[in-house]
Amino acid sequence: MSTSPDTATAPGGSESRPAPPAAGAGEPQKLPLLALLALATAVFITSLTETLPAGLLPQMSSDLRVSESATGQTVTIYAIGTALTAIPLTAATAGWRRKRLLLVAMAGFAVANTVTAVSSVYGLTMVARFVAGVAAGLAWALLAGYARRMAPVHLQGKAIAIAMAGIPVALSLGVPAGTFLGTAVGWRVAFLVMTALTVVLLGWIWAAVPDYPGQERGERPAMLRALKVPGVAPVLFVTLVFVLAHTILYAYIATFLDDVGLGGSTDLVLLVFGAASLLSIWIVGAQIHRRLRLLTVVSTLLVAVASALLAVLSDNTALVYVAAALWGLGWGGVPTLLQTAVADAGGEQADAAQAMLVTLWNVAMAGGGIAGGILLDGIGSDSFPWTVLLLLAPVLAVVVFARAHGFPVKRPGASRRPAGAV
């Protein structure tokens with residue numbers, strides 16, 4: 001996931017840029033669902049492709065003739081591609097018409113996935129994954145702002161929620177389905193399916209998604225200024241370390257499960273994780289307005305308990321599934337919690353703060369892939385849950401102590417439901 005001057009987005013998120021003039025009086029008072037669902041599909045495909053290798057490491061490792069830790073870097077390089085290039089490239093293309101840029105980004109994504117599917121050379125696969133990350137970053141930079149511009153003012157929150165619905169769907173159903181497909185007929189087919197879906201999506205975008213002009217000069221947010229705003233730094237720290245902890249385990253979950261004798265059940269474990277994540281997203285969506293701090297603490301504790309179960313009792317199959325469920329319940333709402341927290345803390349600098357959050361998110365994903373590979377080669381997969389526990393300790397401490405700013409006891413404006421809330 002990534003963001004740009006055009007928006008301030010993250011998984012399950014929203015953006016705080018003032019409503020565009022096009023959404024004023026005289027506009028249709030209903031949502032363009034077909035167009036919004038096209039954006040949601042773009043979110044789904046890019047989110048799924050980013051983490052798809054996590055469930056396919058053994059098969060990909062065998063075909064590419066490299067270690068599983070090296071194969072895990074296909075997740076890392078994707079995140080690096082997004083983190084390093086999303087903001088500068090979207091700034092460079094800020095003047096492009098939005099539909100044209102989205103079509104170019106998704107076309108590049110289709111090409112990169114096709115190369116990944118047919119490549120038997122590890123270096124070429126890594127280049128393709130990097131390009132996929134770049135293309136996905138460009139697409140992500142458009143999506144929330146694009147959705148907002150399609151809707152009348154009073155429905156902009158719902159429009160963004162629909163566009164971002166692809167994230168929980170990819171998390172709960174896409175990764176397990178991709179893992180099952182890759183296991184049944186080969187990992188290459190799973191990536192070719194991503195290409196086919198993207199080709200269909202290109203036609204959908206062309207036919208159903210309205211076009212808008214790019215940005216005027218001078219609209220870029222000053223991101224470093226946001227660091228001086230009280231509360232922003234704690235949320236960014238929690239984002240970096242929490243996502244790092246999650247990725248270390250998630251990027252190598254197939255390897256971890258294989259080592260504990262559940263390699264053939266990776267898709268089922270991920271399905272339990274994903275279903276619990278969907279429930280978590282629903283709970284967070286219903287309660288975040290008044291209980292952001294409590295939800296963040298509980299989420300951290302749930303992931304910690306899940307990690308403890310995997311660290312100590314992974315030889316018990318039933319408890320592995322319990323841990324997957326607790327992990328999903330803890331993790332599913334985290335993107336929404338963190339983006340909301342940084343938007344609250346950022347105030348007038350919310351766009352810049354969110355841009356930094358999403359960049360750090362991708363840095364953490366890249367770092368998690370690298371750290372997981374080092375741990376796998378040096379200690380073994382049983383070190384993953386212990387590492388997660390170690391990293392979550394400072395996360396919990398920062399959330400607890402940032403009670404005035406960052407994760408306050410009472411959210412600003414929590415006494416009333418915000419306009420456009422969903």
Ser61-Glu68 side chain donor-acceptor pair, cut-off 3.5 Å: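 No, no side-chain donor-acceptor contact under 3.5 Å.
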Scan side-chain atoms only and decide if Asp377 and Ser69 contain a donor-acceptor pair under the 3.5 Å cut-off.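 Yes, because at least one side-chain N or O of Asp377 sits under 3.5 Å from a partner of the opposite role on Ser69.
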Has Arg97 got more than 12 heavy atoms of other residues, nucleotides or ligands less than 6.0 Å from its CZ?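 More than 12 heavy atoms, drawn from other residues, nucleotides or ligands, come within 6.0 Å of this atom.
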Between Phe407 and Val297, does the side chain to side chain contact (heavy atoms under 4.5 Å, CB included) criterion hold? Intermediate values first, please. CA-CA 10 Å; Phe407 301 94; Val297 170; over 6 Å; no
Please check this pair: side chain of [X] against backbone of [Y], looking for a donor-acceptor N/O pair closer than 3.5 Å.
{"X": "Thr82", "Y": "Gly133", "value": "yes"}
{"X": "Arg98", "Y": "Tyr212", "value": "no"}
{"X": "Ser62", "Y": "Pro58", "value": "no"}
{"X": "Tyr321", "Y": "Val272", "value": "no"}
{"X": "Arg293", "Y": "Arg291", "value": "no"}
{"X": "Thr41", "Y": "Leu37", "value": "yes"}
{"X": "Ser119", "Y": "Thr116", "value": "no"}
{"X": "Lys99", "Y": "Val209", "value": "yes"}
{"X": "Ser299", "Y": "Gly330", "value": "yes"}
{"X": "Ser47", "Y": "Phe44", "value": "no"}

Shortest non-hydrogen contact from [X] to [Y]?
{"X": "Thr198", "Y": "Ala110", "answer": "CG2-CB, 3.7 Å"}
{"X": "Ala128", "Y": "Ala112", "answer": "O-CB, 3.4 Å"}
{"X": "Ala345", "Y": "Gly231", "answer": "CB-C, 3.7 Å"}
{"X": "Ala371", "Y": "Ile248", "answer": "CB-CD1, 4.0 Å"}
{"X": "Ala35", "Y": "Ala208", "answer": "CB-O, 3.4 Å"}
{"X": "Tyr252", "Y": "Gly369", "answer": "OH-O, 2.7 Å"}

When you look at Leu39 and Leu102, which way does the side chain to side chain contact (heavy atoms under 4.5 Å, CB included) test go after all the steps? CA-CA 10 Å; Leu39 299 189; Leu102 182 58; 3.8 Å; yes
Reported [atom1]-to-[atom2] distance for the pair [X] and [Y], which is rounded to 0.5 angstrom:
{"X": "Leu52", "Y": "Leu57", "atom1": "CG", "atom2": "CG", "value": "10.0 Å"}
{"X": "Asn113", "Y": "Thr195", "atom1": "CG", "atom2": "OG1", "value": "4.5 Å"}
{"X": "Leu329", "Y": "Leu279", "atom1": "CG", "atom2": "CG", "value": "5.5 Å"}
{"X": "Leu236", "Y": "Leu338", "atom1": "CG", "atom2": "CG", "value": "9.5 Å"}
{"X": "Trp386", "Y": "Leu391", "atom1": "CH2", "atom2": "CG", "value": "14.0 Å"}
{"X": "Leu249", "Y": "Leu389", "atom1": "CG", "atom2": "CG", "value": "10.5 Å"}

Taking the six-membered ring for Trp, are Phe273 and Trp331 ring centroids under 6.0 Å apart?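 Centroid separation for Phe273 and Trp331: 6.0 Å or greater.
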Note, [X] side chain near [Y] side chain (heavy atom, < 4.5 Å):
{"X": "Tyr250", "Y": "Leu270", "answer": "yes"}
{"X": "Pro234", "Y": "Phe401", "answer": "no"}
{"X": "Leu138", "Y": "Met106", "answer": "no"}
{"X": "Tyr122", "Y": "Met126", "answer": "yes"}
{"X": "Phe384", "Y": "Asp259", "answer": "no"}
{"X": "Leu36", "Y": "Met150", "answer": "yes"}
{"X": "Thr49", "Y": "Phe191", "answer": "yes"}
{"X": "Phe242", "Y": "Val303", "answer": "yes"}

Answer yes when Arg100 and Asp211 have at least one side-chain N-carboxylate O distance shorter than 4.0 Å, and no when they do not.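 Result for this pair is no, no salt bridge flagged.
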Could you go through the side chain to side chain contact (heavy atoms under 4.5 Å, CB included) check for Thr247 and Trp361 one step at a time? CA-CA 10 Å; Thr247 306; Trp361 188 289; over 6 Å; no
Carefully, step by step, assess Asp315 and Val260 under the rule side chain to side chain contact (heavy atoms under 4.5 Å, CB included). CA-CA 6 Å; Asp315 56 340; Val260 298; over 6 Å; no
